[in-house]
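To start, the structure under review is shown below, and the notes come after it.
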Amino acid sequence: QAPLPAPVHDAARAVQFLRWKAPEWNLDPQRIALSGGSAGGCTSMWILLHDDLADPNASDPVQRESTRVSGAAVSSAQPSIDPRVVSSWVGPNVLQHRMIHRAVGERTMEGVLRNEEKYRPLFEEFSPYNHLDGKDPPLFLTYGKDVTLPAKNGGHGIHHPVFGIKTKEKSDALGHECHLL
């Protein structure tokens, strides 16, 4: 219901909340890992690869907690939500899927394309691939085996194995621990 950044920031705050409650709930705050599929995998990757969102000067004690996690295991996740990037990787059919336009609050992909400059900062910020820098915790990726290009339809495109291949290639080039199945 709420477009970016709300859902991703909510998930990051959940990590901070777990850390804040760790003593009370007998959790090890250094052993928090994330997992998810599709959009949940994209969110998990974003938190894993993004710089820490902790604000040590916040009046809210939860906001002072770290968002850094020890690892993530995701399936069929999108390393990028940028229409230009994903269509260049897997073909134009990926744009038939509603995930990209709904992520920014548009009703249609045509609305995104008409207002591309308005959404460019969101696409860049919330594409995990853009935050991969080689200093991140380990990542495990799983995807289906149908590597047909271009993608057959929106569903195939938005979960395409090429997303894992592109992430693994960049990870390897940067010395980041990434495993792809």
Side-chain angles (χ1 to χ4, degrees), residues 1-17 34-55 60 62-63 67 69 72-133 136 139 141-144 146-171 178 180:
Q1 292 178 0
L4 289 170
V8 175
H9 285 172
D10 284 351
R13 185 170 172 87
V15 171
Q16 293 173 302
F17 183 78
L34 303 176
S35 184
S38 192
C42 181
T43 298
S44 295
M45 268 200 297
W46 185 85
I47 294 169
L48 178 84
L49 302 175
H50 197 278
D51 291 342
D52 195 347
L53 297 174
D55 179 355
D60 176 356
V62 175
Q63 286 182 310
T67 57
V69 295
V74 303
S75 64
S76 301
Q78 302 77 30
S80 178
I81 61 166
D82 187 324
R84 293 181 308 167
V85 172
V86 296
S87 62
S88 75
W89 287 351
V90 301
N93 287 338
V94 67
L95 301 181
Q96 295 172 358
H97 198 277
R98 68 183 185 273
M99 183 264 201
I100 294 172
H101 66 265
R102 294 191 67 192
V104 294
E106 276 288 344
R107 297 176 63 89
T108 65
M109 183 53 71
E110 291 75 24
V112 168
L113 298 175
R114 273 194 311 273
N115 298 295
E116 188 174 353
E117 289 311 308
K118 172 183 173 183
Y119 298 119
R120 174 90 12 243
L122 287 171
F123 290 137
E124 290 175 2
E125 171 60 22
F126 292 100
S127 290
Y129 187 86
N130 295 340
H131 298 283
L132 205 162
D133 63 14
D136 301 304
L139 175 60
L141 304 162
T142 63
Y143 290 86
D146 185 354
V147 294
T148 304
L149 287 173
K152 298 173 183 177
N153 54 50
H156 180 230
I158 205 71
H159 303 109
H160 205 283
V162 165
F163 290 168
I165 294 166
K166 293 289 189 181
T167 303
K168 174 75 169 138
E169 288 173 351
K170 184 173 181 180
S171 289
C178 180
L180 173 62

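Throughout, residue positions are numbered sequentially from 1 according to the sequence presented.
- For the pair Ser88 and Val85, the tightest heavy-atom approach, listed with the atom from each and the gap, is OG-O, 2.7 Å.
- Here CE of Met45 is found 11.5 Å from OG of Ser35. Values are rounded to the nearest 0.5 Å.
- With rounding to the nearest 0.5 angstrom, the CE atom of Met99 is 6.0 Å from the CD1 atom of Ile81.
- Taking every heavy atom of both residues into account, His159 and Ser38 meet most closely at NE2-OG, 2.7 Å.
- Note on ring orientation: taking the six-membered ring where Trp is involved, the planes of His9 and Trp46 are tilted (angle from 30° to 60°).
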**OP:** Show your working on side chain to side chain contact (heavy atoms under 4.5 Å, CB included) between Val15 and Leu34 and close with a plain yes or no.
**Re:** CA-CA 9 Å; Val15 171; Leu34 303 176; 4.0 Å; yes
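- Arg13 pairs by the side-chain hydrogen bond (donor to acceptor under 3.5 Å, both in side chains) definition with Asp60, not counting sequence neighbours.
- The shortest side-chain heavy-atom distance between Leu180 and Tyr143 falls under the 4.5 Å cut-off.
- The closest side-chain heavy-atom distance from Pro7 to Thr43 is not below 4.5 Å.
- Contact record, Ala72 with Leu48: N-CD1, 3.8 Å, taken as the closest heavy-atom pair.
- Across all non-hydrogen atoms, the minimal contact from Pro128 to Ser80 is CD-N, 4.4 Å.
- No donor-acceptor pair closer than 3.5 Å links the side chain of Thr167 to the backbone N or O of Pro79.
- Interatomic distance, Trp89 CH2 to Ile165 CD1, rounded to the nearest 0.5 Å: 11.0 Å.
- For the pair Ala12 and Ile47, the tightest heavy-atom approach, listed with the atom from each and the gap, is N-CD1, 3.6 Å.
- The CG atom of Asn93 sits 11.0 Å away from the CG atom of Leu149 when rounded to the nearest 0.5 Å.
- Going from atom OG of Ser76 over to atom NE2 of His156 covers 10.0 Å, rounded to the nearest 0.5 Å.
- Glu106 places no side-chain N or O within 3.5 Å of a backbone atom of His101 that could act as its donor or acceptor partner.
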Subject >> Chi angles and distances behind the side chain to side chain contact (heavy atoms under 4.5 Å, CB included) call for Phe123, Val104 >> reply: CA-CA 8 Å; Phe123 290 137; Val104 294; 3.7 Å; yes
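- Of the possible donor and acceptor atoms, one in the side chain of Lys170 sits under 3.5 Å from a partner among the backbone N and O of Tyr129.
- For Ser171, the side-chain hydrogen bond (donor to acceptor under 3.5 Å, both in side chains) partners are His176, not counting sequence neighbours.
- In this structure, the side chain of Gln78 does not engage the main chain of Phe163 through any donor-acceptor pair within 3.5 Å.
- Residue-environment remark: CZ (Arg120) exceeds the threshold of 12 foreign heavy atoms within 6.0 Å.
- Atom CG of Asp51 sits about 8.5 Å away from atom OG1 of Thr67, to the nearest 0.5 Å.
- Under the 3.5 Å distance criterion, with hydrogens and angles disregarded, a donor-acceptor pair is assigned to the side chains of His50 and Glu125.
- For the pair Ser44 and Gly36, the tightest heavy-atom approach, listed with the atom from each and the gap, is OG-N, 4.0 Å.
- Between the Ser127 side chain and the Glu124 main chain, no donor and acceptor come within less than 3.5 Å of each other.
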**OP:** Begin with the C-alpha distance, continue with both residues' side-chain angles, and end with the deciding distance and a verdict on side chain to side chain donor-acceptor pair (under 3.5 Å) for Asp146 and Thr148.
**Re:** CA-CA 6 Å; Asp146 185 354; Thr148 304; 2.5 Å; yes
